Novice: 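Take a look at the following structure, please.
Lettering follows sequence order; numbering is per chain, from 1. A quick note: this is a predicted structure, and the numbers were derived from the prediction, not measured.
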Number of protein chains: 2
Amino acid sequence: MAGLSDRKQKILQAVVTDYIQTAEPVGSRSISRRYKLDLSAATIRNEMSDLEELGFLTQPHTSAGRIPSQQGYRFYVDALMGPPSLTRQEEVYLANVFTQLQKMREIDQIVQQTAKVLSVLTSYTSLVLGPQFRHSAFKQMRLLPLDEEKALVVLITSAGHIKHRVINLPQALSSQELSQIVSYLNEQLAGQTIENISATRLRQLRSDLYARIDLLSQLLQLLEESSTDGEGRVFLGGTSNILNQPEFKDVEKVKHLLTLFEEGSRLSFVLETSSEGVSIRIGTENVITEMSDCSLITATYQLYNRPVGAIGVLGPTRMEYSRVITIIEHIASHLNFVVRDL
Amino acid sequence: MAGLSDRKQKILQAVVTDYIQTAEPVGSRSISRRYKLDLSAATIRNEMSDLEELGFLTQPHTSAGRIPSQQGYRFYVDALMGPPSLTRQEEVYLANVFTQLQKMREIDQIVQQTAKVLSVLTSYTSLVLGPQFRHSAFKQMRLLPLDEEKALVVLITSAGHIKHRVINLPQALSSQELSQIVSYLNEQLAGQTIENISATRLRQLRSDLYARIDLLSQLLQLLEESSTDGEGRVFLGGTSNILNQPEFKDVEKVKHLLTLFEEGSRLSFVLETSSEGVSIRIGTENVITEMSDCSLITATYQLYNRPVGAIGVLGPTRMEYSRVITIIEHIASHLNFVVRDL
DNA sequence: ACTTAGCACTCTCTGTTTATGAGTGCTAAA
DNA sequence: TTTAGCACTCATAAACAGAGAGTGCTAAGT
């Protein structure tokens, strides 16, 4: 991938920019008209022909304008893309959103609102993965007796996650025994991350307390489920936005994406495995085949310097990369604060 | 709306049945062929012409077959529809689902799974409104100190709803004072439904405890939010199913529905206001204009003989009413058990 | 050695025409 | 009252022509 001549880069940039705006194949004449490159259409034609040879552009058919190829987009985001910038309006909007988010107390609400904002601002579809329970450390477990038969068990992690569940109390248990069991568990598990409380460890605890197996297994089940509940932690925003994209005017294409949107586990997998910081995956760079006509831009957010969740924007490969990246960066970095103050 | 002659009813039924299956305007000949009414096409034509005059059928254009009008569907579901029935396969599937649902402990999980099942079985889009917090009665409020500054407050209703929130403790408060405040609140609020704990009542409490206003308002905020958090309690299933319906092959039509699906509060409103038992709303009988090409079948489910939530199926007016109603009834009645045992 | 103007050629898109076929409404006979 | 027959209507699909945008190539200009 030797260096492209300066002129070729300028032309490639013009093609990508134009195509992002218009969604129409862009011809040599419109470039020489709209962008002040001081070159005739014929020259540009020659260069475009070269760029196609090199794999940066494609032609839908012989006598049409050019469209950026996946490789073309890649080069664009890596080297050509304009500097990130927000309009004054967008900045104001974001500032408002941030103060609003700051006030919310429920994590679900925050995540959902974030998804919505992200989609409204970008006009694409947004994905937000809430903070992952299983990455945070076990802090303590509490038992709140409700009546003779039932108690509420509350699981608290160091990251402030809280999960509760009603369990049935074995009749024969004194309240003293109860608190013994709980404090034993607290001792054993304190400080470990939820995902590291492995099955073997749980098995061992089970044998330690085999006399109280009925109660214990209810408590442990809560833990176990917490470490594996990947499903359903992803919130979407602006799913209908994809319908505004001309590349999805065909219902068949939409269907695949829509169906994908219903598969929470696959979505959360994509976000979980996205690398730290901002990542841009164009077309088939996405592992998910349904996304091979799309680009996905993601960013992670941190809690105590560990990535605990991610946000993303999904649009056609013909996406306003620069704008989206800026917005995503802003929101992700703000999310760091929101999550910490929770 | 005088009685339709027996023959007219049979023909109307044939048209509706046929159209539900094929989605094509149905002509007089295909009826005389496919349904053994022992009438010639010409006779059927005359009858159909009458039925159109009466408003039960419409013609997309002069020389096309007939399509049931909204009134036609209404008559069909009120008087003509075949008896509800499930295939053996569906029954088995339902039985499996039920045992699965029975095992789940998290209400969100149950609701989501119900939505999924409902959409898979019907091939339409499903809406499920989770049990409403605000209809159940206040039972008790507990405070779990976490550390010096923070405590977890847990709100428990008689229906078993549980909600928690971390609040900041005013430093100056002894644990004794704390428990006094909490038990005072418990006394004052016990037994009232969340939605009836009105603003005036809350104001009164506020003045009673004005010395501890900072703590109190945090506690009361939790209550207040609980009584008004209509938003977001609706889960959808099979949203992509609408794309399989030929009436939605046009992207524009889909867009309106898709956008509606993102407006949780409007959806929950529809479900909340649906009457007890099974209700069928056809076309413009739906208040929501986006649904005017659709039919919505809903059913409520109960807890202690009070409706606390609802499930629904949304499809084109050309919907398999009989089948969907049966399925919805089964699932709703089963949900009664699941919710009670929670 | 580039760059550019000119030109023939290609291919899509749009509008028009034409043919086909399903289905109707009406009339007249059974 | 039912039915057979027939002319008529309208949507849909196929075939076709013309326009327009854009290309590639060639030859002339710098």
Novice: Salt bridge (charged side-chain N to carboxylate O under 4.0 Å, His left out) with R318(B): which residues, sequence neighbours excluded?
Specialist: E247(B)
Novice: Can you sort out the partners of R45(A) under salt bridge (charged side-chain N to carboxylate O under 4.0 Å, His left out), two or more places apart, ordered by chain and number?
Specialist: none
Novice: Mind calculating the distance between CG (L37(B)) and C1' (dT3(D)) to the nearest angstrom?
Specialist: 15 Å
Novice: More than 12 heavy atoms of other residues, nucleotides or ligands under 6.0 Å from OH of Y35(A): is that the case?
Specialist: yes
Novice: Without decimals, in angstroms, what is the distance between Q59(B) CD and dC8(D) C1'?
Specialist: 13 Å
Novice: Count the heavy atoms of every other residue, nucleotide or ligand shown that sit under 6.0 Å from NZ of K116(A), and state whether that count exceeds 12.
Specialist: no
Novice: Output the distance between atom CD (Q89(B)) and atom CG (L121(B)), rounded to the nearest 0.5 Å.
Specialist: 10.5 Å
Novice: Output the rounded distance in Å from CD1 (I44(A)) to P (dG22(D)).
Specialist: 12 Å
Novice: Crowded around K8(B) NZ? As in, over 12 foreign heavy atoms under 6.0 Å?
Specialist: yes
Novice: Would you please say whether a donor-acceptor pair under 3.5 Å links the side chains of T284(A) and S292(A)?
Specialist: no
Novice: Taking any atom under 4.0 angstrom from a heavy atom of chain A, which nucleotides of DNA chain C are the first and last to qualify, 5' to 3'?
Specialist: dT3(C) to dT12(C)
Novice: For the pair made of CZ in R66(B) and P in dT9(D), what is the distance, rounded to whole Å?
Specialist: 17 Å
Novice: Does either side chain, that of T43(B) or that of S40(B), offer a donor lying less than 3.5 Å from an acceptor on the other one?
Specialist: yes
Novice: Taking atom NZ as the centre, does K253(A) end up with more than 12 heavy-atom neighbours from other residues, nucleotides or ligands that are less than 6.0 angstrom away?
Specialist: no
Novice: Check nucleotides 26-30 of chain D against the protein and report each pair of N or O atoms closer than 3.5 Å, with its distance, or say if there are none.
Specialist:
none

Novice: Using a 6.0 Å cut-off, check whether atom CZ of R88(B) has over 12 heavy atoms from anything other than its own residue.
Specialist: no
Novice: Are there more than 12 heavy atoms of other residues, nucleotides or ligands under 6.0 Å from atom CZ of R266(B)?
Specialist: yes
Novice: Does any donor atom in the side chain of S295(B) or T317(B) lie under 3.5 Å from an acceptor atom in the other side chain?
Specialist: no
Novice: Can you find a side-chain donor-acceptor pair between E52(B) and T58(B) that sits under 3.5 Å?
Specialist: no
Novice: To the nearest 10 degrees, how far apart in direction are the end axes of the helix from dA1(C)-dT30(D) to dA30(C)-dT1(D), each fit to five base pairs?
Specialist: 20°
Novice: What string of B, S and - do you get for nucleotides 10-21 of chain D, 5' to 3', if B is base contact, S is sugar-phosphate-only contact and - is no contact with any protein heavy atom under 4.0 Å?
Specialist: BS---------B
